[in-house]
Amino acid sequence: MKILVAVKRVLDYNVKARVNAEGTGIDLANVKMSMNPFDEIAVEEALRIKEAGKADEVIAVSMGVSQSQETIRTALAMGADRGILVETEEELQPLAVAKLLAAIAKREEPGLVIVGKQAIDDDSNQTGQMFAALMDWPQATFASEVEINGDKMKVTREVDGGLESIDVAMPALVTTDLRLNEPRYAKLPNIMKAKKKPLDTLTPAELEVDITSRLKVVKVEEPEQRKAGEIVGSVADLVDKLKNEAKVI
Amino acid sequence: MTTLVIADHDNNELKPSTLSVVSAAQKVGGDVVVLVAGQNCGAVAESAAKVAGVSKVLQCDDAAYANQLAENMAPFIEGLAADYSHIMFANTASGKNIMPRVAAKLDMAGISDITEVVGADTYIRPIYAGNAMMTVQSGDSCQLITVRTTAFDPVAAEGGSASVESVGAGSVSDKVSWIGQELTKSDRPELTSASIVVSGGRGMQNGENFAMLEALAEKLNAAVGASRAAVDAGFVPNDYQVGQTGKVVAPDLYIAIGISGAIQHLAGMKDSKVIVAINKDEEAPIFQVADYGLVADLFDAVPELDAALAAG
Amino acid sequence: MADVAALPGYEDATPDIVSAILEEAGKFASEVLAPLNWDGDQLGAKWTADGVTTPAGWKEAYQQFSESGWNSLAFDPTYGGQGMPGLLSAAVQEMWHSSNMAFGLCPLLTQGAVYAIESHASDELKQTYLEKMIAGTWTGTMNLTEPQAGSDLAAVRTSAEPAGDHYLIKGQKIYITYGDHDMTENTIHLVLARTPDAPAGVKGISLFIVPKFLVNADGTLGERNDARCVSIEHKLGIHASPTCVMSFGDNDGAIGYLVGEENRGLMYMFTMMNEARLAVGIEGYGIAEMAYQRALAFARDRKQGPVLLEKDSDVQGIVNHPDVRRMLMTMRSQIEAARVMAYDCAAAFDFAARHTDDEVRARFQRRGELLTPIVKGWSTEVGVDLCSLGVQIHGGMGFIEETGAAQHLRDSRITPIYEGTTGIQANDLLGRKTQYDGGKAVDELLEDMRATHEALAGSANPVAAKAKAALGDAIEMTASVSQKLVAEKNPVLAASAATDYLMMMGFTTGSWAMARIVLAADNTEDRAFGNLQCAIAGFYFDKIATHAKAHHLAIQNSASEYYELDQALL
């Protein structure tokens, strides 16, 4: 069985996002970029499945600018077998990414596709579900445990207030939640070997996928600044403010 | 222009989040129809019919929807979509699971986690974990949306009198089966991942008094933390410590009780979204970072807060 | 880096591999090592009769470190190393030392031991020990110092009696870093000792491999050797790094194996000394880098009084007070200068090892050897001062341990001491590296400095004028004083000037480093980065390079009164 893992190049999670001067997006010049943390978990899970003898090959796929190659190399250094980059300078929205991923899945015919539940840049949480819809595959989203039994897979999902288990027939899609695993650190010999692993580059045109953005970004702004603190008069006031103003309880 | 709101429910009761989604739908304008798909969900449909501003409730009672499996829900909603300009879900695990699947089936974009409706096709949503707000405009004929429910004031649960219309079920997937769920999270969350943290400082006076905070945390499903001073004094173990040399936390709500707010403590919690400080010393530096400060003796305030939370 | 990667054997050091290695090393340092730094300091290593235990989490982190292959980065591929250049290793080592110096010391010592065995031991010993040491499965130590033999190794008394195919070692060694610990299954000690008929002094010292557990013919571990840690020191800093008193041969004698030939031990030790001294120099600025980052974060956050700079910025912390800014730039500019010097030194040794032309190799060997005492001496002296500034920027908070700034100062304080004190480095620079070769290595350095000086004339960059002036001064001072010292026949005068000479060479070589940064900034496409680099360099020329003049003057002022004084009057 092949496993396809999608990995996205995003602003490193330790770097604070700042809105650019034009108000059209986030300033990404001279800032550290890394693999989306949920995708690291996806790569780790795929590798563990392979190491358990339940898969033969792990393919890391990324879409976007040519520097996304580095993200694929990171996945290869962790242990993925080969990479595919769909290179484009265009902005890719989740539907377009799902279509590209589906086009690749139709070529590669993986038994399992694992993606992060969301990317920490646009926080959409859509691509995996859209991909499963396009493939007409079952979707095991927000997974905290994956157990493959033959052509079926039992997945524990993180839902509001607890956990839920489902059985899905493979091929299937999994999106990863934080508690699924703890991704490994790349080993030095594997970093060196990663360079020699195959990495194919394709374009959306070659895959015959229309990647036109469906949503127009009107503007991007800084969030409202934190209000100056206030002294409340009583416990009742405090509870009221927390419930109705801050809406945190 | 009509919006279809997908009800958030557990077959027994309509979740309050639905009221916030209806509120967002009203901001879009036009009629609001609520879909209640589930199993033995009559009571939910009845509740939905009473919600203020709802013009119609669609109810589909079928085993296929008992657990809101996306593989069954999506084709069903897809079948209804032609009649609607907007389809809205709460940003619950279920809404996030189903919405994109419907969107892709319809070849429409999904718009996640909106916090504001600017116009009938324009929305604001947080990106980069809320460090920026993006305004997006959709050109799709049917707009698929999840709504951050905390950002919209719920409409009244009562006052409406919509009709309930029964609709037939859609196709059922044989590729997925629901096994079970485990919703009782008896253990409270971990300090670093909890969305609410209640912390005590030297003002707690001794370890026994931390029981008050434990009780409070129980009600809020919060984790309990402490300042270094409280840890040094032996009130609580080391792993409770929040601060520069302890754990760094950034919950939605941080309640600092009897903590003066040494800079080393602030380093561990200053990124919390909302900070509450309860301290009897009004000069305590903690008040400079607090969103809400209460100058009071914690031995009066904490039991009172506990009682207020218990009362709901 | 491109020039080093062009050397035979370094073909794998391509830009993408190098950046991937730096990236992953950075991740490991910040996510695994840095979080242990504070606890390690507070808990410290503990001695028990059964051996030394490291603080909680240390063992797991070390295992992860060696399993990830980090120990093997720059070693010989024949024995499982990755064969990457020393230049890359220098950059990676900085990360270990910045994030957790007490941890980084363990692989630092193993590295020294590996180089000694690699360069001088028999093939049989190499087969037995190198692979596991390079993998990091076993760690290494260097056993030189004895209670009566510190900087002066001529006084070494530990004895080695021949006994068949091995020797029996008896004696006590002190200050043995990671002499015993619980992180690996075996520890390999390299021990200086005297054979029965050895000549007195430094010419009678031999080098031995003494494993904690003897190694069977099939590579498995055998009996416990008679080498034990009898206590550990309580120190000012690096608390998690056990500094052991080692006792060899308390019972029957510790079994040891001769490295190379008898009586050549000190020479063997010196071949790895350059590497170890360079590594300590890297520690010097590496820990200052951590102090800088901590101080900067604090200065942005800490609000005190109305600021004078960037009044409209959303950051209104003390970072916008000019004096705090001055301290931060004092840190940053010298850290960058030290880093360039260390890279120059590491790259010089890469060229010296791999270049195809004998003359080029010899020239770079001289360059590396000349820079080593400067990197070790200057970067660590400056490093301590910068860690102190890191505390200062924090104000009262800096004096409080919990803030973390104080730990960097305490940890850094050992760096100008071990692997040869600054005084020893100064004697090495002036005696062995300058006077001994008639100033040849310094002349070659001056040639390169002059080439940079000329290149600056072609730069339109406003900072280039400052660079030209400062580098011109640096060349002038270096040339005049070096000639004077090479000609100096009075050993007392020379010795009294040595440390000022070392410090002056540090500041002048620093000007050269900064001048090249200005030239590089001219060629970078990233303007924001280029401007930042020029601002840092400009600060160095205006505020830091001036220190060279003070030392230059001090070298020439003999102040003979002070050493003519009777010591009783001091």
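Proteins come first, then strands; the chains are lettered A, B, ... in the order of their sequence lines, and each starts at number 1.
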*Which bit of A:K117 is near chain B, if near means a heavy-atom gap under 4.5 Å: side chain, backbone, both or neither?*
neither
_Shorter than 4.5 Å, heavy atoms on both sides: which option in B:T122, B:V295, B:I111, B:V102 has the most such pairs with chain A?_
B:I111
_chain B contact via A:I26 - side chain, backbone, both or neither, heavy atoms under 4.5 Å_ = side chain
*Any idea which heavy atoms bring B:A132 and A:V220 closest together, and the distance?*
CB-CG1, 3.9 Å
_Straight-line distance of B:R101 CZ to A:L173 CG, nearest 0.5 Å_ = 8.5 Å
_Side chain / backbone / both / neither for B:A74 at chain A, heavy atoms under 4.5 Å_ = neither
*Would you give the length of the straight line joining atom CD of B:E304 to atom OG of A:S234, rounded to the nearest 0.5 angstrom?*
7.0 Å
*Under 4.5 Å heavy-atom distance to chain B, tell me which part of A:L95 shows up: side chain, backbone, both or neither.*
side chain
*Closest approach of A:P223 to B:G130 (non-hydrogen atoms, all atoms of both residues)*: CG-O, 3.3 Å
*If you measure from CG on A:N125 to CG on B:D113, what distance do you get to the nearest 0.5 Å?*
9.0 Å
_Heavy atoms from other residues, nucleotides or ligands near NZ of B:K280 exceed 12 (cutoff 6.0 Å)_ = no
*Among B:P251, B:G110, B:A296, which residue forms the greatest number of heavy-atom pairs with chain A at distances under 4.5 Å?*
B:G110
*When heavy-atom pairs shorter than 4.5 Å are enumerated against chain A, which of B:T146, B:V118, B:V176 gives the highest number?*
B:V176
*Between A:V232, A:T175, A:L178, which residue shows the highest count of heavy-atom pairs closer than 4.5 Å to chain B?*
A:V232
*Is it the side chain or the backbone of A:A132 that comes within 4.5 Å of chain B heavy atoms, both, or neither?*
both
*Please report the C-alpha distance between A:V159 and B:E182 in whole Å, then the side-chain angles of each, then the deciding distance to 0.1 Å, and finally whether the side-chain contact (heavy atoms from CB on, under 4.5 Å) criterion is met.*
CA-CA 10 Å; A:V159 295; B:E182 203 182 316; over 6 Å; no
*Between A:V239 and chain B, which part of the residue has a heavy atom less than 4.5 Å away: side chain, backbone, both or neither?*
side chain
_Is it true that, when you exclude A:K219 itself, more than 12 heavy atoms of the residues, nucleotides or ligands shown sit nearer than 6.0 Å to its NZ?_
no
*chain B heavy atoms under 4.5 Å from A:L238: which part of the residue, side chain, backbone, both or neither?*
side chain
*asked:* Could you check whether any side-chain heavy atom of B:N67 comes within less than 4.5 Å of a side-chain heavy atom of A:I166, counting everything from C-beta outward?
replied: no
*Is chain B contacted by the side chain of A:N244, its backbone, both, or neither, given a heavy-atom distance below 4.5 Å?*
neither
_If we ignore hydrogens and angles and just use 3.5 Å, is the side chain of B:Q181 paired with the main-chain N or O of A:G162 as donor and acceptor?_
no
*Flag the pair A:K247 / B:D153 as yes when at least one side-chain heavy-atom distance between them is below 4.5 Å, and no otherwise.*
yes
*Mind ranking B:L253, B:L294, B:D300, B:D252 by heavy-atom pairs under 4.5 Å with chain A and telling me who comes out on top?*
B:L294
*asked:* One pair to check against side-chain contact (heavy atoms from CB on, under 4.5 Å): B:N97 and A:R157. What are the steps and the verdict?
replied: CA-CA 11 Å; B:N97 190 33; A:R157 305 178 55 231; 3.4 Å; yes
_Winner by heavy-atom pair count (cut-off under 4.5 Å) against chain B, out of A:V248, A:V168, A:D160_ = A:D160
*Out of curiosity, A:L242 CG to B:L305 CG, how far, rounded to the nearest 0.5 Å?*
8.0 Å
*asked:* Donor-acceptor check, side chain of B:E71 to backbone of A:Q139, threshold 3.5 angstrom: yes or no?
replied: yes
*Quick one: which of A:I120, A:L134, A:D122 has the most heavy-atom pairs under 4.5 Å with chain B, could you say?*
A:D122
_Treating A:D123 as the side-chain partner and B:A129 as the backbone partner, does any N or O pair qualify as donor plus acceptor under 3.5 Å?_
yes
*For chain A, find which of B:A151, B:G293, B:A104 contributes the most heavy-atom pairs closer than 4.5 angstrom.*
B:G293
*Please name the pair of heavy atoms, one in A:M130 and one in B:A103, separated by the smallest distance, quoted to 0.1 Å.*
CE-CB, 3.7 Å
*Select one option (side chain, backbone, both, neither) describing which atoms of B:D121 are under 4.5 Å from chain A's heavy atoms.*
neither
_Is the shortest side-chain heavy-atom distance between B:T135 and A:E221 below 4.5 Å?_
yes
*When A:A169, A:G25, A:G233, A:P94 are compared by non-hydrogen pairs under 4.5 Å with chain B, the top option*: A:A169
*Do the side chains of B:D107 and A:R214 get nearer than 4.5 Å, heavy atoms only?*
yes
*Evaluate the side-chain proximity of B:Y128 to A:D121: yes if any heavy-atom separation is below 4.5 Å, no if none is.*
yes
*Where on B:M99 is there a heavy atom nearer than 4.5 Å to chain A: the side chain, the backbone, both, or neither?*
side chain
*For each of B:S195, B:A109, B:S94, tally heavy-atom pairs with chain A at distances under 4.5 Å, and name the one with the top tally.*
B:A109
*Side chain from CB out, backbone as N, CA, C, O: work out which of these in B:S173 comes under 4.5 Å of a heavy atom of chain A, or both, or neither.*
neither
*Side-chain donor or acceptor of B:K105 paired with backbone N/O of A:A133 under 3.5 Å*: yes
*When you measure from the side chain of A:K241 to the backbone N and O of B:D291, does any donor-acceptor pair fall under 3.5 Å?*
no
*Closest heavy-atom pair and its distance - A:E158, B:A93*: O-CB, 4.2 Å
